[in-house]
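Take a look at the structure set out below.
Quick note on labels: first sequence line is chain A, next is B, and so on, each numbered from 1.
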Amino acid sequence: MSTIDPPEELISAYLDGEATPEERALVEAQLAASDEWRAVLDEVRSTRELLLGLPTREAPTGFWDSVLDPNIAPPVDLDAQRKKRRGKRAITWLAGAAAAAALVAVVLVPQQSRVKPSVATMVNRHAVRSSVTAEPVSELAPVAQPVKLGP
Amino acid sequence: MSTDGVPTWEEVARDHGRFLYNVAYRLTGNDDDARDLVQESLLRVRRGLETYQPGSLEGWLARIVTNVFLDEVRRKRRRPVQALPENPDLVLPASAAADEVAAAAGLSNEIQHALSTLPEEFRVPVVMRDVADRTYEEIAGSLGVPVGTVRSRLHRGRRMLRTALVKSGALE
């Protein structure tokens, strides 16, 4: 016999009649030699019997009437409902995303300056004057008529 | 029953609905989810009957209900929701009255509760084998895993169930 212990899961297969003849022989040999295996066999057997002995769960009253009578409640296609809900959710999500993007654009995108005249206009005027007179300093921002000093 | 031996979905519901509901309840652990699971399974039955080859009808139904259940488990994992327990006695400390009710029900509430605590990969083979009476090969085919995996998960599932029952005080 092999010195390697057979895998313990063979106990369930043995109890279920799902072990091959070779596996059955292995299990029986192991059971004869090992108290531990016998204890596991007892535990698994009693657990299995508890499950096999569970009563059949009956559906709540009226359930089958509603399933079988399409006039009362036709079977609901949960898949279709779910897909529909998913579609609606996607549309809502997209609408929300679009609204958020618009808000971000309004708040964050640079707007036209409110300074009058605009900075761009000032720059242009200055550029034009300075290029004509070649005196950028005196022509930069004439605010009054030049004063003539006498006689 | 049609001439080709394929039942209508109403016949399936009428003749095998009890089996279907019982498996659904043992998988989900509560009536609300079991009802949804049965309805969804019957829709798949309806669609699947067009291509159904007469054979083990309950094997086919067990496969459908399991697949619908696992689809739902995956969907819930993607969008987890915190459901309220259907039976508060199962999560609150048991009172003397609850103990009496459980004893009268012959441990079935405790077993169901312990079953519900098993991770799905262990619960499904246990229910398929010990509730739906399916062979290892059928279970393997339903789950798309090798028979060896079914063996291992079923055995571990039973062991875990036993541990849970001992831990809850239902078994010594």
Per-residue contact mode, [X] against chain A (heavy atom under 4.5 angstrom):
X	result
B/Leu115	side chain
B/Ala13	both
B/Val127	neither
B/Val147	neither

With a 4.5 Å limit on heavy-atom distance, are the side chains of [X] and [Y] in contact?
X	Y	value
A/Val67	B/Leu42	yes
A/Glu18	B/Val150	no
B/Leu165	A/Leu50	yes
B/Tyr21	A/Glu58	no
B/Arg159	A/Glu8	yes
B/Phe19	A/Thr56	no
B/Thr135	A/Asp16	no
B/Arg156	A/Glu9	no

Atom pair [atom1] ([X]) and [atom2] ([Y]), whose distance is rounded to the nearest 0.5 Å:
X	Y	atom1	atom2	answer
A/Leu51	B/Ser108	CG	OG	11.5 Å
B/Arg18	A/Arg57	CZ	CZ	12.5 Å
A/Glu49	B/Asp130	CD	CG	10.5 Å
B/His155	A/Thr47	NE2	OG1	10.0 Å
B/Arg35	A/Trp64	CZ	CH2	11.5 Å

Quiz item: If two hydrophobic side chains count as joined below 4.5 Å and joins carry through other members, does A/Leu52 share a cluster with B/Phe122?
Solution: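 Shared cluster, no.
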
Exercise. Go through A/Ser46 and B/Arg162 one step at a time and tell me if the side chain to side chain donor-acceptor pair (under 3.5 Å) criterion holds.
Key: CA-CA 9 Å; A/Ser46 66; B/Arg162 172 91 190 178; 2.6 Å; yes

Practice problem: Work out which heavy atom in B/Asn22 is nearest to a heavy atom in A/Pro55; give both atom names and the distance. | Solution: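 So the two residues come closest at OD1-O, 3.9 Å.
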
Quiz prompt | Non-hydrogen atoms of B/Arg158 and A/Ser12 that approach each other most closely | solution =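 Closest approach of B/Arg158 to A/Ser12, heavy atoms only: NH1-OG, 3.1 Å.
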
Practice problem: For atom CD of B/Glu137, decide whether the heavy atoms of other residues, nucleotides or ligands shown that lie under 6.0 angstrom number more than 12. | Solution: no

Quiz prompt | CD (A/Glu36) with more than 12 external heavy atoms under 6.0 Å | solution = no

Quiz prompt | Closest-packed option against chain B by number of heavy-atom pairs under 4.5 Å, given A/Val40, A/Leu54, A/Ile11, A/Leu15 | solution =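 Between A/Val40, A/Leu54, A/Ile11, A/Leu15, the count favours A/Leu54.
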
Quiz prompt | Pair B/Arg151 + A/Glu23, salt bridge at N-O below 4.0 Å | solution = yes

